[in-house]
2 protein chains.
Amino acid sequence: MPSVTLKMIAKELSLSVATVSKALANSYEISEGTKAIVLEAARKMGYIANPYASSLRKRRSKTVAVVIPEIADSFFAKVINGIEEVALSYGYHVLIYMTHESLSREQAIMQDFRSGRVDGILMSVSEETDTVEHITAVMDSNVPVVFFDRVREELPTTCVITNDFESSYAATEHLISKSCQKIAFVGNSPTLAINRNRESGYKSALKEHNISYENVLICGNDPKSDYKILSSLFKSDGRPDGVILSVEKLIPLLYQVCHDLKVEIPSQLKVLTFTNFAMAEFLNPPLTTINQPAYDIGKVAAQTLFKKLARSNHIAEAESIVLPSEIIFRESSN
Amino acid sequence: MPSVTLKMIAKELSLSVATVSKALANSYEISEGTKAIVLEAARKMGYIANPYASSLRKRRSKTVAVVIPEIADSFFAKVINGIEEVALSYGYHVLIYMTHESLSREQAIMQDFRSGRVDGILMSVSEETDTVEHITAVMDSNVPVVFFDRVREELPTTCVITNDFESSYAATEHLISKSCQKIAFVGNSPTLAINRNRESGYKSALKEHNISYENVLICGNDPKSDYKILSSLFKSDGRPDGVILSVEKLIPLLYQVCHDLKVEIPSQLKVLTFTNFAMAEFLNPPLTTINQPAYDIGKVAAQTLFKKLARSNHIAEAESIVLPSEIIFRESSN
DNA sequence: CTGAAAGCGCTAACAG
DNA sequence: CTGTTAGCGCTTTCAG
């Protein structure tokens with residue numbers, strides 16, 4: 001069954017292709033009568049517009065891309081849901097691309113976008129991303145980019161983030177209030193702003209409370225070496241009594257390390273994590289979390305992108321939209 | 001910065017568009033010398049083919065769709081990773097669509113695919129899907145569909161599944177061996193084959209062991225009412241001492257219900273769940289799981305789809321590929 | 001081996 | 001209000 005084209009409808013109704021096209025687009029140029037006839041015929045014949053022909057001609061794809069490190073992450077999964085809701089309401093398609101934390105993947109993906117495949121991009125950069133040329137190149141070819149979560153603030157566009165500094169500061173103070181004296185911070189990348197902000201929130205709180213112990217670890221993207229890095233926390237002398245995880249995927253590893261090294265949470269180690277994870281409450285022990293407003297981040301980022309798409313001359317200037325996170329206190333930090 | 005087209009390269013090199021096109025496609029018709037020159041110019045000028053023009057002309061999009069109920073599910077997230085790996089190796093793009101368990105969403109999505117937007121479809125149907133017309137319609141327009149996990153076995157195509165009957169049978173036997181006498185089974189849809197298979201595995205095991213107590217609940221897609229349904233298990237007389245969850249997203253709800261109603265796991269209730277969830281080991285108590293080979297299911301499903309795409313006259317017959325699941329025993333069922 | 005020409009299906013000027 | 005014409009950028013006969 002070959003698909004129905006405008007031409008076939010036109011022939012069927014003895015109209016021109018142009019008229020049919022306009023009628024389906026509900027153009028003011030076409031009489032109501034004709035519109036009705038065309039619509040009816042299109043429905044009956046099962047017409048579905050060829051998106052490739054239409055995109056080629058219109059030079060717009062009605063498609064946005066979401067570029068994220070990983071899909072198996074409750075934060076990103078929820079963000080996507082938020083994005084999808086907005087995109088759907090605008091009649092846009094959403095393409096999801098995973099970088100798997102690889103800069104070269106990310107570069108290849110962005111390169112592809114210079115073809116006009118998508119009208120706009122929502123992006124959270126990889127751990128490895130320490131250059132932005134691949135991003136500016138796309139922006140220069142008039143494809144707007146909006147960042148969320150893992151942003152690059154130096155670029156002239158909107159970043160949707162949460163109050164990382166403040167949350168981290170509050171988290172650190174919370175641990176201090178639970179009489180932690182040696183608090184460690186585990187991040188994933190020294191180059192990411194999000195990580196730097198959380199780290200400085202942590203450090204500021206320590207300074208404010210005159211605590212000299214500082215311990216910042218950087219985990220990567222390999223469970224085995226990350227396991228070792230986390231283990232190292234407890235194998236040296238300055239063994240911490242509290243730890244803040246900046247990365248969701250480290251949760252099982254940390255619980256595993258504590259289990260293996262018989263470090264008891266929370267009596268020996270208080271734990272607190274940035275995450276969005278539905279099961280945090282039912283872990284053993286229940287995990288104190290900093291919940292990011294993932295769904296809303298997705299919505300706001302998408303809305304911002306569509307605003308930029310609406311005006312051809314969107315203003316290109318750096319701007320941040322900050323949505324607050326929320327700390328949920330549970331037993332792991334008690 | 002407008003994007004570079006074939007025409008621009010052709011002009012630059014004083015060649016015809018056709019020659020440039022063929023050279024870039026590495027056609028045997030073009031001399032090595034010309035190919036080298038064209039490739040070099042294309043690279044220098046930053047040429048990226050317009051996918052819409054190319055798809056329109058070739059009538060193939062080099063794109064496959066993944067249609068799933070939800071992305072925030074560790075099973076589906078891993079399946080996507082498997083699919084992506086294979087798709088990437090074939091130079092295909094992957095479009096992800098979520099039905100959010102809505103049949104009408106699913107129908108709208110499938111409808112769209114009749115436009116030729118994608119060359120093939122990998123699909124796991126929604127809970128609500130009790131008709132397949134929207135699927136056969138797409139298959140009739142020559143877009144091959146491969147099912148995985150939530151399959152419709154009556155359709156003439158390949159289904160990639162796991163041994164649901166056997167796993168469920170084994171799971172039930174396991175609970176019986178732990179001296180459960182009243183085992184409940186919680187599914188999500190009476191129409192889905194996957195659910196029916198798990199249910200019959202459960203029932204067969206009970207029968208085999210001469211246990212007359214049977215208790216099958218069906219949860220939906222609304223946490224609040226699901227919470228009530230799960231609660232009802234413990235509010236009647238025939239209160240179970242074991243339960244098998246067929247659906248990952250019910251895990252937090254069940255733990256919540258047990259917490260609220262002070263049902264202790266595993267002393268009062270042994271629990272076992274179909275899932276793929278990395279944190280199962282660190283729940284309180286650690287959760288016995290039936291792990292599906294999600295990543296491999298994705299890979300095999302994608303490979304099967306590409307095989308179908310390779311031959312224009314792919315044989316349309318029902319076929320199942322079964323990958324085994326694995327039970328991981330933990331404290332929740334001990 | 002290279003090029004001219006036709007056209008994928010659609011939309012957008014522009015005439016009528 | 002409707003139709004004609006001219007492409008969008010690319011691939012593919014088919015001629016040379």
Side-chain angles (χ1 to χ4, degrees), chain A residues 2-39 41-42 45-63 91 112 114-119 141-142 312, chain B residues 2-39 41-42 45-63 91 112-119 141-142:
Chain A
S3 48
V4 179
T5 66
L6 281 190
K7 211 204 258 181
M8 292 159 77
I9 300 181
K11 190 186 244 177
E12 182 73 19
L13 299 179
S14 308
L15 282 171
S16 76
V17 176
T19 304
V20 176
S21 171
K22 287 177 194 162
L24 290 174
N26 198 23
S27 159
Y28 66 95
E29 291 180 286
I30 304 295
S31 74
E32 289 307 320
T34 315
K35 277 185 194 171
I37 293 168
V38 170
L39 243 62
M45 299 173 70
Y47 172 74
I48 302 156
N50 182 317
Y52 297 114
S54 165
S55 294
L56 175 59
R57 183 60 235 242
K58 288 203 286 197
R59 316 177 130 280
R60 306 182 83 233
S61 60
K62 279 262 183 185
T63 302
D112 181 56
R114 300 175 64 185
S115 68
R117 184 183 292 278
V118 298
D119 297 342
S141 45
N142 273 313
S312 46
Chain B
S3 48
V4 180
T5 66
L6 282 189
K7 210 203 255 181
M8 291 159 78
I9 300 181
K11 190 185 244 177
E12 182 72 21
L13 300 179
S14 307
L15 282 171
S16 75
V17 175
T19 303
V20 175
S21 171
K22 286 176 194 163
L24 290 174
N26 198 23
S27 159
Y28 67 93
E29 292 180 286
I30 304 295
S31 73
E32 289 307 320
T34 315
K35 278 184 194 172
I37 293 168
V38 170
L39 243 62
M45 300 172 70
Y47 172 73
I48 302 157
N50 181 316
Y52 297 112
S54 164
S55 293
L56 175 59
R57 181 60 234 241
K58 289 203 286 198
R59 318 178 125 279
R60 307 184 84 234
S61 61
K62 279 259 181 187
T63 302
D112 181 57
F113 291 158
R114 299 175 64 185
S115 67
R117 183 184 292 277
V118 298
D119 297 342
S141 46
N142 273 313

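So that the names make sense, note that chain A is the first sequence line, chain B the second, and so on, each numbered from 1. When reading the values below, keep in mind they use all heavy atoms of this one structure, side chains included, and skip hydrogens, waters and symmetry mates.
- In this structure, A/L56 places its CG atom 9 Å from C1' of C/dC8, rounding to the nearest Å.
- Bracketed by its first and final contacts, the part of DNA chain D lying under 4.0 Å from non-hydrogen atoms of chain A reaches from D/dC1 to D/dG9 in 5' to 3' order.
- The distance from atom NZ of A/K7 to atom C1' of C/dT11 is 15 Å, rounded to the nearest whole Å.
- For C/dT2, neither phosphate oxygen OP1 nor OP2 lies less than 4.0 angstrom from any side-chain nitrogen or oxygen of B/T19.
- Residues satisfying the side chain to side chain donor-acceptor pair (under 3.5 Å) test with A/S55, not counting sequence neighbours, are none.
- A/R117 is linked by a salt bridge (charged side-chain N to carboxylate O under 4.0 Å, His left out) to A/D112, counting only residues two or more places apart in sequence or in another chain.
- Residues that satisfy the side chain to side chain contact (heavy atoms under 4.5 Å, CB included) test with A/R59, not counting sequence neighbours, are absent from this structure.
- Within a heavy-atom distance below 4.0 Å of DNA chain D, the residues of residues 23-32 of chain B found are B/E29.
- Contact check, B/S55 against C/dC8: no side-chain N or O comes under 4.0 Å of OP1 or OP2.
- One finds the OG atom of A/S21 at 10.0 Å from the CD1 atom of A/I9 (value rounded to the nearest 0.5 Å).
- Looking at residues two or more places apart in sequence or on another chain, you find a side chain to side chain contact (heavy atoms under 4.5 Å, CB included) between B/K7 and B/T5, B/V17.
- The two residues B/M8 and B/S3 make their nearest non-hydrogen contact at SD-O, 3.8 Å.
- Of the residues near DNA chain C, A/A53 and B/T34, the one whose nearest nucleotide (by heavy atom distance) lies more toward the 5' end is B/T34.
- By the side chain to side chain contact (heavy atoms under 4.5 Å, CB included) test, B/N50 is found to be paired with A/L56, B/Y52, B/A53, residues two or more places apart in sequence or in another chain being considered.
- C/dT2 atom C1' lies 7 Å from atom NZ of B/K22, rounded to whole Å.
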Report, one pair per line, the protein and nucleotides 5-7 of chain C atoms (nitrogen or oxygen only) whose separation is under 3.5 Å.
residue : atom : partner : partner atom : Å
C/dG7   : N2   : B/R57   : NH1          : 3.2

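- Among residue pairs with one or both ends in residues 22-34 of chain B, those qualifying as salt bridge (Lys or Arg N to Asp or Glu O under 4.0 Å) are B/K22-B/E29, B/E32-B/K35; sequence neighbours excluded.
- Counting only residues at least two apart or on different chains, the side-chain hydrogen bond (donor to acceptor under 3.5 Å, both in side chains) pairs with a member in residues 8-18 of chain A are A/S16-A/T19.
- Between the CG atom of A/N50 and the C1' atom of C/dT11 there is a distance of 13 Å, given to the nearest Å.
- For residues 45-55 of chain B, the set of pairs meeting the salt bridge (Lys or Arg N to Asp or Glu O under 4.0 Å) definition, not counting sequence neighbours, is empty.
- At a threshold of 4.0 angstrom between heavy atoms, the contacts of B/S21 include nucleobase atoms, whether or not backbone atoms are also involved.
- Applying the side chain to side chain contact (heavy atoms under 4.5 Å, CB included) test to B/L24 and every residue at least two apart in sequence or in another chain returns B/L6, B/V20, B/V38, B/L39, B/A42, B/Y47.
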